Number of protein chains: 2
Amino acid sequence: MLQSPPAAPGIREDEIDTPALLIDLDAFEHNLDHMAALLAPTRARLRPHAKTHKSPVIAALQASRGAVGQCVQKVGEAEVLAWGGVRDILVSNEVVGARKLARLTALAPIAEVRICVDCAAQVAAVEDAARAAGQRLGVLVEIDVGAGRCGVAAGPEAVALAQAIAASPHLRFDGLQAYHGSAQHLRQPEERAAAIGEAADRARRTVEQLRQVGLDCPIVGGGGTGTFPLEAASGIYTEIQAGSYCFMDADYARNQAPAGPFRQALFVLATVMSAPRPGTAVLDAGHKAVAVDSGLPLVWQRPDLHYVSASDEHGALTVGPGAAAPKLGEKVRLVPGHCDPTVDRYDWYVGVRGGRVECLWPVAARGAMA
Amino acid sequence: MLQSPPAAPGIREDEIDTPALLIDLDAFEHNLDHMAALLAPTRARLRPHAKTHKSPVIAALQASRGAVGQCVQKVGEAEVLAWGGVRDILVSNEVVGARKLARLTALAPIAEVRICVDCAAQVAAVEDAARAAGQRLGVLVEIDVGAGRCGVAAGPEAVALAQAIAASPHLRFDGLQAYHGSAQHLRQPEERAAAIGEAADRARRTVEQLRQVGLDCPIVGGGGTGTFPLEAASGIYTEIQAGSYCFMDADYARNQAPAGPFRQALFVLATVMSAPRPGTAVLDAGHKAVAVDSGLPLVWQRPDLHYVSASDEHGALTVGPGAAAPKLGEKVRLVPGHCDPTVDRYDWYVGVRGGRVECLWPVAARGAMA
């Protein structure tokens, strides 16, 4: 359920009720501008992933810097974006179930909506839904480019699916989904380069084989915050689907030689709620407040403080030798281990600049899982 | 933000949009009845923890079976329960910050609200808030009974805090908070018995020392789903604060000789959204849909299927030797590794009985972190 916002515009950062999800607006805007500048000289356009931000407001800021549309993973996210003004949405994922497909085709009058498939049964199901809605839907074939999750094999199997799409009266073959998720988090640049080199080879080979059967491939989509310069330079990818770049997190910060100087823009503000023993403090932010699937959060600009364990509503801090323990009531910024699922805990972004709250933006697609 | 419910009353379970948070109503009601029966012959009363369920509807069902009130961890949870009809609420946690304390005292006209403290500065802060609101607030001293998180030391330090409370004109000393969180998840019964034996000793010693200075101690609260029979049998605990018992989860199921025959009542319903290779299937429920802080989910009544990895929106299943892979579109029930944070991802409970949806209940305090 929607909760009250933890702040009001104009108050100081230290007056915000915690835990709260903060955007450092200067760092955030830098990241948006920086990504636009990095992609400008390439042939790849930016279609940011809204699974990270879940916000039509942020989508609009990305569009104003050249983004061609948004990616989503879920029908519920597509609905929230379409209702919030986004006019070009790619569901970069399979959607299974007649009710969900009907919800998706119902968006066609207000937005261009594309979807991915990775098997023939789904081509038939999407065709049925599009016919029932009286729409023509753009469909991408997801190919497995090395992550081994969803996706049909590159090459002939993918071509056969594309032909099935092209032969469906209410579908249009629009290209390939070629995202390599696990490559984003490989620590060494040469590991990432090898993974994306292989991904691009599979995509290129498939595009060539499509051409041989007379099918054009206008979109080849993929690339995340950990690898996008590689996809953008490949010459085969046409759309970059990075999401985390606008916020960043502790996991991406651990990547060696990160993709570019993106700044940490997302924080969970927490308060010391108990300090019962010397050298320790307890924060009011546990793993309900900050996702721990990719590691514990870091304490921003306080390398002497260590967030050492998370329970549901508590985070335990230890204090490095010689350092001062934070006092009861003191606030600290946490850098989430993983930005996407952390955002998905909150109803509100609190935008801060110069120590003051500047804006409150709803995390409008929070919990839009279905 | 609040999302649309994934189902409507009367539809079949296999028609529910997924991921969805299911309550098996038969198992759930069994658990409520069973806990009431277990505690009836003891001196301990049940004050269930709403950090698990976050629902005034469920609080009312617990009250109808004898629960004396509810526990919460957060002011936002107290607000949602009070606005939803709960008349006796213990914040079993410290609350730091003038704005939060003002929100809490603002509930006093509609509910009895108590709070915990573990230091003198907080006694003064709560007194200030109660005086400003023109209220008298019941306060418990949290003692560290072995978990080493929040809480003042048992014995003289706790007594000094109780005296400070009793000497505050707008506060009333109401007892001790003596919860041992980490003991809940010790695997062996003898480990749990040792931990709660020590906790009860610390509580008993403190109650005796309070009596020596003329302070009565009407409430001694603690006990969770993993240990509550021990607290209930101790003779010193007056209130049991179990939460998970109404739902259960895979982590509690791993405890040796669990506290009682509680049944698994909470599930995440998921759909096979891709089955690209033999022996594997991909579900539409990743770690945004099911909490993984206490381990990956199990597949209910399908020991041949293994949920082996969670990404943001995908869960990978492998199939045991000789078993049939689930088909595209097939639905499976997942048993969450940890019930509390899984519930906190969802806006709606879908109550099912006999294969049909019977009710939709809002997870009204979802995301009430501040």
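Hydrogens, waters and symmetry mates are skipped; everything else that's a heavy atom, side chains included, is used. Every value quoted in this text rests on a predicted model; they were computed, and no experiment measured them.
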If we define contacts as heavy-atom pairs under 4.5 Å, which of [options] has the most with chain A?
options	answer
T271(B), V117(B), L328(B)	L328(B)
D344(B), V95(B), V292(B), T280(B)	D344(B)
A20(B), S274(B), A153(B)	S274(B)
E142(B), H314(B), H338(B)	H314(B)
E94(B), K54(B), H287(B), E79(B)	H287(B)
A121(B), G76(B), G151(B)	G151(B)

Is [X] close to chain A through its backbone or its side chain, or both, or neither, when contacts mean heavy atoms under 4.5 Å?
X	result
D284(B)	both
V152(B)	neither
A289(B)	both
C150(B)	both
Q73(B)	side chain
K74(B)	side chain
T18(B)	both
V80(B)	side chain

Quiz item: Excluding sequence neighbours, so at least two apart, what forms salt bridge (Lys or Arg N to Asp or Glu O under 4.0 Å) with D293(A)?
Solution: none
Quiz item: Considering the options D340(A), T225(A), D249(A), which one meets the side-chain hydrogen bond (donor to acceptor under 3.5 Å, both in side chains) requirement together with T52(A)?
Solution: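 The option that passes is D340(A).
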Quiz item: Is it true that D14(B) and K331(B) have a side-chain N and a carboxylate O under 4.0 angstrom from each other?
Solution: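 A salt bridge is absent here (no side-chain N lies under 4.0 Å from a carboxylate O).
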Practice problem: Using a strict 4.0 Å threshold on nitrogen-to-oxygen distance, state whether E330(B) and K327(B) make a salt bridge. | Solution: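 No, E330(B) and K327(B) are not salt-bridged.
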Exercise. Pick one of side chain, backbone, both or neither for K51(A), based on which atoms fall under 4.5 Å of a heavy atom in chain B.
Key: both
Exercise. Would you confirm whether the ring centroid of F247(A) sits within less than 6.0 angstrom of the ring centroid of Y349(A)?
Key: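 They qualify: ring centres under 6.0 Å apart.
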Quiz item: Between R345(A) and M369(B), which heavy-atom pair has the shortest distance, and what is it?
Solution: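 Looks like O-CE, 3.5 Å.
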